[in-house]
Amino acid sequence: ESPSVQIFANTVVVDTPAKGVLSIWKQGGVVQSLAYDALVVATGAYDRTVALPGWTLPGVFTAGGASTLAKAHGVTPGRRLLVAGSGPFLIAVADDLSARGCNVQVVEATPLRTSVGGLPTIARDPAITRQTIGYLSRLGWRRVRRRYASMVTAIHGDDRVEAATIHRVDPDWRPIAGSETTIDVDAVCLGFGFVPQLELAQALKCTIGYWEASSDFYVKTDDAMRTSQANVYAAGEVTGIGGVPVAVAEGCLAGLTAAYDLGLVEKSDYDAEVRQLTRRRVRARRLGDWIRHAYRPRTGLWSLADAQTM
């Protein structure tokens, strides 16, 4: 805690009525103006949702939503659970749910060899290495089945989820005919990566970029985290999905640059800190960049919806 820091909990930005001013809504229905000299946008990301037959049935969750329910509230969406999609976050979600006694299966669209190919990158970070070993050890001990190069292609049920169909998929994630199997489940947790939360940056008229390879929009910044708008900075997942270490490094860099631009930091001190933070950011980005490339959505993902899918 610091007398120079004020924290607004349970508060959201609802408007950007003028340059240097935000309208914020506080719990209890109070809306007030908040002026700023510099603003760091660090609004994070949310689960990428994908339309497929049955995805609107009760019992279909985002992977992040299911994980939050389990960790924060001790609630699980059923006993027989399917965690499906793409990316290492699926393993973390399966760990959260299986730890609470659920029978969990993981369906990963990316081939096993792709995941194994990232081991040298993971090994460069001791903390991530320990975390990965922990996840895989616990899932093995709990006998959590993992299918690779496979995808949930339809979810079935009348009033709620009762079953799901799984196909083997080709390198473009197109279902392979004749490879389908249907299993009984209570809930399906879908996670095909994350999407930057860009609404505030867009409202501030920051320039938005697009990575076609990973189907991601992001806030464009310079190397010091400045956006296209004066005195507005961006950090973390809004600049491209990268994970916690990247977000922390970028947040420090954005805050430092904001202070420097306001004349609160000497140039020599700023330059020295920037060099350290930039090296830290580059190291942290290696893993995030590999994940974004290895687990990027393939074209077959967008063809799952049929004519009856809402």
Side-chain angles (χ1 to χ4, degrees), residues 1-47 64 68 194-211 216-285 288-289 292:
E1 294 183 5
S2 167
S4 62
V5 176
Q6 188 174 6
I7 298 175
F8 294 91
N10 301 311
T11 302
V12 295
V13 176
V14 294
D15 195 11
T16 57
K19 190 173 182 61
V21 179
L22 300 176
S23 293
I24 60 174
W25 179 91
K26 303 178 75 173
Q27 194 171 38
V30 178
V31 177
Q32 67 183 66
S33 294
L34 181 66
Y36 63 88
D37 296 318
L39 175 66
V40 178
V41 178
T43 43
Y46 56 92
D47 291 82
T68 299
F194 297 93
V195 179
Q197 188 97 37
L198 299 177
E199 292 84 350
L200 178 56
Q202 290 173 306
L204 293 164
K205 297 182 171 55
C206 299
T207 299
I208 305 298
Y210 181 68
W211 283 312
D216 286 334
F217 291 93
Y218 64 99
V219 180
K220 283 190 172 183
T221 69
D222 65 10
D223 290 340
M225 313 315 298
R226 298 179 182 94
T227 72
S228 60
Q229 297 297 313
N231 298 325
V232 177
Y233 310 81
E237 310 293 34
V238 292
T239 69
I241 305 302
V244 173
V246 175
V248 172
E250 290 186 349
C252 291
L253 183 54
L256 178 67
T257 301
Y260 172 73
D261 289 347
L262 292 174
L264 303 175
V265 178
E266 294 293 334
K267 187 176 190 308
S268 58
D269 295 334
Y270 173 73
D271 289 343
E273 287 290 329
V274 164
R275 285 194 293 270
Q276 292 184 21
L277 288 170
T278 299
R279 287 195 294 267
R280 180 176 159 192
R281 181 192 181 206
V282 169
R283 286 195 302 268
R285 267 283 172 204
D289 290 346
R292 190 170 61 245

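These values consider heavy atoms only, across backbone and side chains, with no hydrogens, waters or symmetry-generated copies.
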(request) Mind checking side chain to side chain donor-acceptor pair (under 3.5 Å) for Asp47 and listing every partner two or more places apart, or none if nothing turns up? (result) none
(message) To the closest 0.5 Å, what do you measure between CG (Leu34) and CD1 (Ile24)?
(response) 5.0 Å
(message) Could you work out, with ring-ring contact (aromatic ring centres under 6.0 Å, His included) as the rule, every residue matching Trp211, not counting sequence neighbours?
(response) Tyr218
(message) Please enumerate all residues that pass side chain to side chain donor-acceptor pair (under 3.5 Å) together with Glu199, with sequence neighbours excluded.
(response) Gln197
(request) State whether the side chain of Thr43 and the backbone N or O of Val41 hold a donor-acceptor pair below 3.5 Å, judged by distance alone. (result) no
(message) With rounding to the nearest 0.5 angstrom, report the NZ to OG1 distance, Lys205 to Thr227.
(response) 12.5 Å
(request) Apply side chain to side chain donor-acceptor pair (under 3.5 Å) to Ser228 and list each qualifying residue two or more places apart in sequence or on a separate chain. (result) Thr207
(request) Heavy atoms only: give me the nearest Leu22-Leu39 pair and the separation to one decimal. (result) CD1-CD1, 4.1 Å
Tell me which donor-acceptor pairs under 3.5 Å the side chains of residues 266-276 have, and how far apart each pair is, sequence neighbours excluded?
from: Lys267; atom 1: NZ; to: Asp271; atom 2: OD2; distance (Å): 2.7
from: Tyr270; atom 1: OH; to: Thr257; atom 2: OG1; distance (Å): 3.0

(request) Taking all non-hydrogen atoms of both residues into account, name the closest pair between Val40 and Ala235 and its distance. (result) CG1-CB, 4.3 Å
(message) For Ala259, give me all partners under side chain to side chain contact (heavy atoms under 4.5 Å, CB included), at least two apart in sequence or on another chain.
(response) Leu264, Val265
(message) The criterion is ring-ring contact (aromatic ring centres under 6.0 Å, His included); which residues satisfy it with Phe217, sequence neighbours excluded?
(response) Tyr210
(request) Quick one: list whatever passes side chain to side chain contact (heavy atoms under 4.5 Å, CB included) with Pro196, sequence neighbours left out. (result) Leu198, Ile241
(message) The criterion is side chain to side chain donor-acceptor pair (under 3.5 Å); which residues satisfy it with Tyr260, sequence neighbours excluded?
(response) none
(request) Return each pair, listed once, that meets salt bridge (Lys or Arg N to Asp or Glu O under 4.0 Å) where at least one residue sits in residues 236-263; pairs must be two or more places apart or across chains. (result) Arg226-Asp261, Glu250-Arg281, Glu250-Arg285
(message) List the residues meeting side chain to side chain contact (heavy atoms under 4.5 Å, CB included) with Thr68, not counting sequence neighbours, and say none if there are none.
(response) Ala72
(request) State, to 0.1 Å, how close Val232 and Tyr36 come at their nearest heavy-atom pair, and which atoms those are. (result) CG2-OH, 4.3 Å
(request) Could you check if a side-chain atom of Asp216 sits within less than 4.5 angstrom of a side-chain atom of Phe194, using non-hydrogen atoms only? (result) no
(message) Test: salt bridge (Lys or Arg N to Asp or Glu O under 4.0 Å). Region: residues 10-38. Which pairs qualify, not counting sequence neighbours?
(response) none
